[in-house]
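Working notes, beginning with the structure itself.
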Protein chains: 2
Amino acid sequence: MATGRTHRPATRSRGIPEATVARLPLYLRALTALSERSVPTVSSEELAAAAGVNSAKLRKDFSYLGSYGTRGVGYDVEYLVYQISRELGLTQDWPVVIVGIGNLGAALANYGGFASRGFRVAALIDADPAMAGKPVAGIPVQHTDDLEKIIKDNGVSIGVIATPAGAAQQVCDRLVSAGVTSILNFAPTVLSVPDGVDVRKVDLSIELQILAFHEQRKAGEETAAGDIGSLPASTPRVAAADDSADQGPDGDVPAVMPA
Amino acid sequence: MATGRTHRPATRSRGIPEATVARLPLYLRALTALSERSVPTVSSEELAAAAGVNSAKLRKDFSYLGSYGTRGVGYDVEYLVYQISRELGLTQDWPVVIVGIGNLGAALANYGGFASRGFRVAALIDADPAMAGKPVAGIPVQHTDDLEKIIKDNGVSIGVIATPAGAAQQVCDRLVSAGVTSILNFAPTVLSVPDGVDVRKVDLSIELQILAFHEQRKAGEETAAGDIGSLPASTPRVAAADDSADQGPDGDVPAVMPA
DNA sequence: TGGTGTGAAGCGGTTCACAGCA
DNA sequence: TGCTGTGAACCGCTTCACACCA
């Protein structure tokens with residue numbers, strides 16, 4: 001099976017830890033909500049609660065961006081929204097192509113979150129000739145044959161793969177050779193890409209399996225505790241883990257689709 | 001905004017690190033593929049390549065499960081498949097409900113990965129009365145009013161939330177009070193749940209924003225390097241990060257849907 | 001006084017390197 | 001001889017605790 005990506009040679013992205021980068025979108029979302037309610041400032045405590053992290057972590061995260069807060073007061077909402085947007089590169093528009101317009105691809109195309117902030121669906125691509133020309137979410141589906149041309153004409157650097165597992169690596173190779181350098185992979189496959197290309201993975205079945213693991217553990221505890229004084233049964237609750245941070249290129253984390 | 005989950009009180013799940021648990025499904029998938037090709041044994045090196053990790057990590061992961069390998073030979077594929085399945089709790093069937101049958105919910109319902117291993121879509125639930133009775137993926141959609149009854153009648157402990165952000169917390173609360181203890185959340189919201197409930201998050205817009213961050217960095221490098229000897233421009237490539245491990249309950253990682 | 005910014009300690013995970021067994 | 005299993009070093013992230021400043 002293909003694979004063979006190198007591993008993160010450390011070298012934090014421009015000094016900002018990956019774990020922090022992975023949380024910036026979370027903060028941004030919370031800040032946007034505050035902004036819409038015209039809240040002028042927030043404390044690290046409040047914002048952390050809204051984003052689901054603890055305040056120490058949030059302050060540390062922001063410290064990597066610079067000193068954007070005011071001691072004794074908090075952070076200016078609008079200013080932070082701008083700074084984080086800029087840091088994430090959302091002040092520009094990223095054209096995105098979605099390859100594989102099945103149920104999932106269609107769902108992604110219809111997903112309103114794209115347009116809202118920095119992303120624009122530049123094209124939908126599918127291998128099925130019958131799909132060609134058919135509009136999905138108001139955008140006509142184009143055939144895979146034109147993939148390279150579409151990428152180049154639109155200056156696309158971010159691609160979303162929502163094809164079956166079997167087609168994913170091939171699509172990935174074509175995307176990369178056409179110039180795509182960031183890929184969001186929904187197919188349940190380990191993609192092999194050259195250095196310099198980022199791959200992030202979303203895998204539903206992996207997420208479910210992780211939940212099943214903890215679920216099983218809970219069930220085991222109950223039994224142990226319920227039985228007439230069997231064993232110590234002192235196993236602690238699952239409790240809450242935290243963020244999952246990055247997976248960077250190479251990809252290795254969660255994923256959505258077939259198993 | 002709601003939040004307020006405690007943070008992982010350490011206490012690794014039954015001695016197995018969360019990061020390892022998050023990789024077990026990956027190994028299982030690779031092993032299943034080998035099994036279908038009737039490969040009897042694999043070395044840590046081969047399996048690691050297929051799963052997209054390095055062999056030291058894989059061996060360390062397996063060492064938490066026990067000594068299932070044979071020195072000088074490798075691992076017995078069938079045996080490992082069984083052990084990992086058992087460890088993940090996939091030897092039993094987990095009934096799952098999907099709430100919110102929009103584009104995404106329908107895609108998830110049609111997703112074949114459920115049935116394949118340990119999961120079964122027990123019911124589809126939507127708030128739209130017009131959807132009630134309509135079959136999606138061969139399963140009739142039921143109305144939200146019956147949520148509690150559905151959960152209890154089917155003994156469901158795992159719920160998938162694919163509703164709009166605004167409805168997610170309410171749906172979550174109802175799922176939890178009906179007995180669900182593991183939630184996979186596709187809505188772009190930080191869910192607040194009591195202790196003992198696991199939440200995992202899948203958020204498309206967060207994934208895209210992380211990619212945009214790296215993409216921007218790459219572009220910056222090129223410019224810096226391309227310009228006529230401007231600055232040192234020694235910023236290293238993004239390179240590859242690795243897995244993203246767990247997010248455990250509380251949820252904090254990636255996610256799919258609106259922004 | 002109140003809340004940010006941050007050095008330092010703590011912790012989980014990864015990687016190394018090799019002992020040990022088939 | 002070859003590959004697993006694992007102690008130990010290493011590394012990055014999280015958490016603590018408090019100095020510092022509006």
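Protein chains get the first letters and strands the later ones, always in sequence-line order, with residue 1 at the start of each. Because only heavy atoms are used, hydrogens play no part in the values below, and waters and symmetry mates are left out as well, while side chains stay in.
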Task: 4.5 Å side-chain heavy-atom contact, B:Arg29 and A:Ile206 - done: yes
- [ ] Please tell me if the side chains of A:Ile161 and A:Thr189 come closer than 4.5 Å, counting only heavy atoms from C-beta onward.
- [x] no
Open item on the list: I need the CG-P distance between A:Leu24 and D:dC13, as an integer number of Å.
Closed with: 13 Å
- [ ] Using a cut-off of strictly less than 4.0 Å, decide whether B:Lys57 has a side-chain nitrogen or oxygen near OP1 or OP2 of C:dG13.
- [x] no
Open item on the list: Taking only side-chain N and O atoms of A:Asn54, does any of them lie within less than 4.0 angstrom of OP1 or OP2 on D:dT15?
Closed with: yes
Open item on the list: Whether the B:Gln169 and B:Ser192 side chains hold a donor-acceptor pair (N or O, under 3.5 Å, no angle test) is what I'd like checked.
Closed with: no
Task: Whole-Å gap separating P (D:dT1) and CD (B:Glu45) - done: 20 Å
Task: Minimum-distance nucleotide (side-chain atoms of A:Tyr64 versus C:dT14, D:dC13, D:dT14) - done: D:dT14
TODO: State, yes or no, whether a side-chain contact exists between A:Val176 and A:Pro194 at a heavy-atom distance under 4.5 Å.
DONE: yes
Task: Value rounded to 0.5 Å, distance of CG in B:Leu26 from CG in B:Leu31 - done: 10.5 Å
- [ ] Using heavy atoms to find the nearest nucleotide of DNA chain D for A:Ala56 and B:Asp61 separately, return the residue whose nucleotide is more 5′.
- [x] B:Asp61
Open item on the list: Counting the atoms with a prime plus P, OP1 and OP2 as sugar-phosphate, which does A:Tyr75 contact under 4.0 Å by heavy atoms, base, sugar-phosphate, or nothing?
Closed with: sugar-phosphate
Task: Value in whole Å for how far the P atom of C:dT4 lies from CG of A:Leu65 - done: 15 Å
TODO: Figure out the CZ/C1' separation between A:Phe62 and C:dT4, and round it to whole Å.
DONE: 12 Å
Task: Proximity to the side chain of A:Ala19 - top-ranked nucleotide from D:dC13, D:dT6, C:dA8 - done: D:dC13
- [ ] Take A:Gly74 and A:Lys60, find for each the nucleotide of DNA chain C with the closest heavy atom, and name the residue whose nucleotide sits nearer the 5' end.
- [x] A:Gly74
Open item on the list: Suppose we call a contact any N or O donor and acceptor under 3.5 Å apart; does that hold for the side chain of A:Arg59 and the base of C:dG5?
Closed with: yes
Open item on the list: If I take atom CZ in residue A:Arg23 and atom P in nucleotide D:dG12, what distance separates them, rounded to the nearest angstrom?
Closed with: 15 Å
TODO: Just compare C:dG7, C:dG13, D:dC21 and give me whichever is closest to any side-chain atom of A:Arg71.
DONE: D:dC21
Open item on the list: Expressed as a whole number of angstroms, how long is the span from B:Leu58:CG to D:dT6:P?
Closed with: 14 Å
Open item on the list: Less than 4.0 angstrom between a side-chain N/O of B:Ser44 and OP1 or OP2 of D:dC3, yes or no?
Closed with: no
